[in-house]
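Below: the structure, in structure tokens.
These numbers come from a predicted model, not from an experiment. Order of listing sets the numbers, starting from 1, for every ligand and every atom in it.
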Amino acid sequence: MSLQAKIGPSILNADLSQLADESQKLLDNGADYLHLDVMDGHFVPNLTFGHPIVKCLRNKIKEAFFETHMMVSNPEQWISDMADAGVDQYTFHIEPVDDVSAVCRKVREAGMKVGLAIKPKTAVDVVEKYIEMADLVLIMTVEPGFGGQKFMEDMMPKVKHLRDNYPTLNIEVDGGVALNTIDCCAKAGANWIVSGTGVIKADDQGAVIKQLRGSVTSAIAEYSK
Ligand code: DX5
Ligand code: ZN
């Protein structure tokens with residue numbers, strides 16, 4: 001299947017006391033999936049939420065595609081709980097993991113898609129070894145831990161390298177991606193776009209999501225010629 005542009009807002013900077021309403025609003029405004037940032041206060045210096053909250057959200061929102069971005073030191077530990085909570089894609093950081101292939105297998109056996117994430121200081125060849133086992137690679141464009149940080153344009157060569165070598169791979173970017181930074185992500189080859197504050201804080205979320213998708217769709221058409 002040909003590459004598709006997908007826009008997945010991160011709800012990290014939304015009003016988390018209204019998680020279901022905020023999520024539904026994003027979906028009504030055209031979000032293709034929800035990017036749920038799970039942090040353990042250990043792999044990153046921040047805490048968010050875990051599978052109990054994801055499960056409650058799933059009870060309210062039956063249809064949407066849920067990606068959990070697992071910023072945790074032991075991603076293996078949460079696989080079955082997240083599958084049970086109704087997660088569709090389990091995207092985890094490979095940096096703290098000894099046996100990445102084994103974790104990929106377990107995620108798949110639990111019925112979820114596999115996403116492999118790397119932090120800005122991790123070289124792209126470290127994740128390249130496991131690409132055959134992954135549905136998606138996430139190139140972080142900020143240090144994970146907080147929303148609202150400045151986009152790191154110097155991560156684009158990693159995206160470009162992957163796109164040049166893996167034309168059908170889903171490549172996701174996350175961190176500081178908004179209307180002012182989308183074009184370079186799109187041209188480098190990213191097709192799954194996480195945007196937190198850029199969408200959440202917008203007056204017209206629908207218009208922003210549409211523009212983000214438009215940028216990616218035109219870039220795909222250009223480099224697929
Ligand atoms: C950062 C998270 C991101 C973040 C994105 O650690 O993984 O998903 O919330 O938010 P913005 O788009 O505001 O950088
Ligand atoms: Zn994230």
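- Of all the atoms in ligand 1, the ones that sit under 4.0 Å from a non-hydrogen atom of His35 are 8 (O).
- Taking distance alone, with nitrogen or oxygen atoms compared against 3.5 Å, Glu143 stays at or beyond that limit from ligand 1.
- With respect to the Zn ion (ligand 2), Asp174 has OD2 as its nearest N, O or S atom.
- Side chains of His42 and Ser73: a donor-acceptor N/O pair is present below 3.5 angstrom, by distance only.
- With respect to atom 1 (C) of ligand 1, the closest heavy atom belonging to the protein is Phe146 O, 3.5 Å.
- Close approach of ligand 1 to Gly145 is summarised as follows: ligand atoms under 4.0 Å from at least one heavy atom of the residue are 1 (C), 6 (O).
- The atom of Asp37 that is an N, O or S and sits closest to the Zn ion (ligand 2) is OD1.
- Under the 4.5 Å side-chain contact rule for hydrophobic residues, Leu169 and Ile7 share a cluster.
- Between Thr122 atom OG1 and His93 atom NE2 the span is 8.5 Å, to the nearest 0.5 Å.
- Here's the thing with Asp37: one of its N/O atoms is less than 3.5 angstrom from an N/O atom of ligand 1.
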Should His69 and Asp174 be marked as a side-chain hydrogen bond (donor to acceptor under 3.5 Å, both in side chains) after you check the CA-CA gap, both sets of side-chain angles, and the distance that decides it? CA-CA 10 Å; His69 177 192; Asp174 178 15; 3.1 Å; yes
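- Looking from atom 11 (P) of ligand 1 to the surrounding protein, the closest heavy atom is Gly148 N, 3.6 Å.
- By the rule that hydrophobic residues join a cluster once side-chain heavy atoms approach within less than 4.5 Å of another member, Leu47 and Val72 end up as members of separate clusters.
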Derivation of the side-chain hydrogen bond (donor to acceptor under 3.5 Å, both in side chains) call for Tyr33 and Gln89: CA-CA 10 Å; Tyr33 67 105; Gln89 179 166 293; over 6 Å; no
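- Considering both main-chain and side-chain atoms, Met140 never comes within under 3.5 Å of ligand 1 through any nitrogen or oxygen pair.
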Could you walk me through whether Leu136 and Lys113 pass the side chain to side chain contact (heavy atoms under 4.5 Å, CB included) check? CA-CA 8 Å; Leu136 168 147; Lys113 290 187 186 274; over 6 Å; no
Report the C-alpha distance between Ile131 and Tyr166 in whole Å, list the side-chain angles of each, state the deciding distance to 0.1 Å, and finish with yes or no for side chain to side chain contact (heavy atoms under 4.5 Å, CB included). CA-CA 9 Å; Ile131 269 174; Tyr166 308 94; 3.7 Å; yes
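- Nearest protein neighbour of atom 14 (O) of ligand 1, counting heavy atoms only, is Gly176 N, 2.8 Å.
- Considering backbone and side-chain atoms alike, Val177 places every N or O at 3.5 Å or more from each N or O of ligand 1.
- In His69, the N, O or S atom that comes nearest to the Zn ion (ligand 2) is ND1.
- Among all protein heavy atoms, the one lying closest to atom 12 (O) of ligand 1 is Gly196 N, 2.8 Å.
- Under the 4.0 angstrom criterion for non-hydrogen atoms, Gly198 is not in contact with ligand 1.
- Considering all non-hydrogen atoms of both residues, Met156 and Cys184 come closest at SD-O, 3.7 Å.
- For ligand 1, the polar-atom distance check finds no N/O of Val142 at less than 3.5 Å from any of the ligand's N/O atoms.
- The Gly175 neighbourhood of ligand 1 comprises atoms 14 (O), with distances under 4.0 Å to a heavy atom of that residue.
- The residue among Thr141, Leu138, Thr197, Thr181 with a heavy atom at the shortest distance from atom 13 (O) of ligand 1 is Thr197.
- Looking only at atom types and distance, the side chain of Thr48 has no donor-acceptor partner in the side chain of Asp37 under 3.5 Å away.
- Taking the centre of each ring, Trp78 and Tyr90 stay at or above the 6.0 Å mark.
- Atom numbering of ligand 1 starts at 1 in the shown order; those under 4.0 Å from a heavy atom of His69 are 7 (O).
- The minimum distance between the Zn ion (ligand 2) and any N, O or S atom of His35 involves atom NE2.
- By the criterion of a heavy-atom distance under 4.0 Å, the side chain of Leu12, and not its backbone, is placed next to ligand 1.
- By the 4.5 Å heavy-atom criterion applied to side chains, Leu12 and Met39 are counted as neighbours.
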List the steps and the verdict of side-chain hydrogen bond (donor to acceptor under 3.5 Å, both in side chains) for Asn170 and Asn191. CA-CA 6 Å; Asn170 285 322; Asn191 65 312; 2.8 Å; yes
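- Near Met71, with a cut-off below 4.0 Å to any heavy atom, the atoms of ligand 1 are 6 (O), 7 (O).
- Of the protein's non-hydrogen atoms, the one nearest atom 3 (C) of ligand 1 is Asp174 OD1, 2.9 Å.
- Residue contacts with ligand 1 leave out Asn13, since none of its heavy atoms falls under 4.0 Å from the ligand.
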Please lay out, stage by stage, how Met71 and Asp40 fare under the test side chain to side chain contact (heavy atoms under 4.5 Å, CB included). CA-CA 7 Å; Met71 289 165 272; Asp40 67 352; 6.0 Å; no
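- Remark: ligand 1 atoms within the under-4.0 Å shell around heavy atoms of Pro144 are 6 (O).
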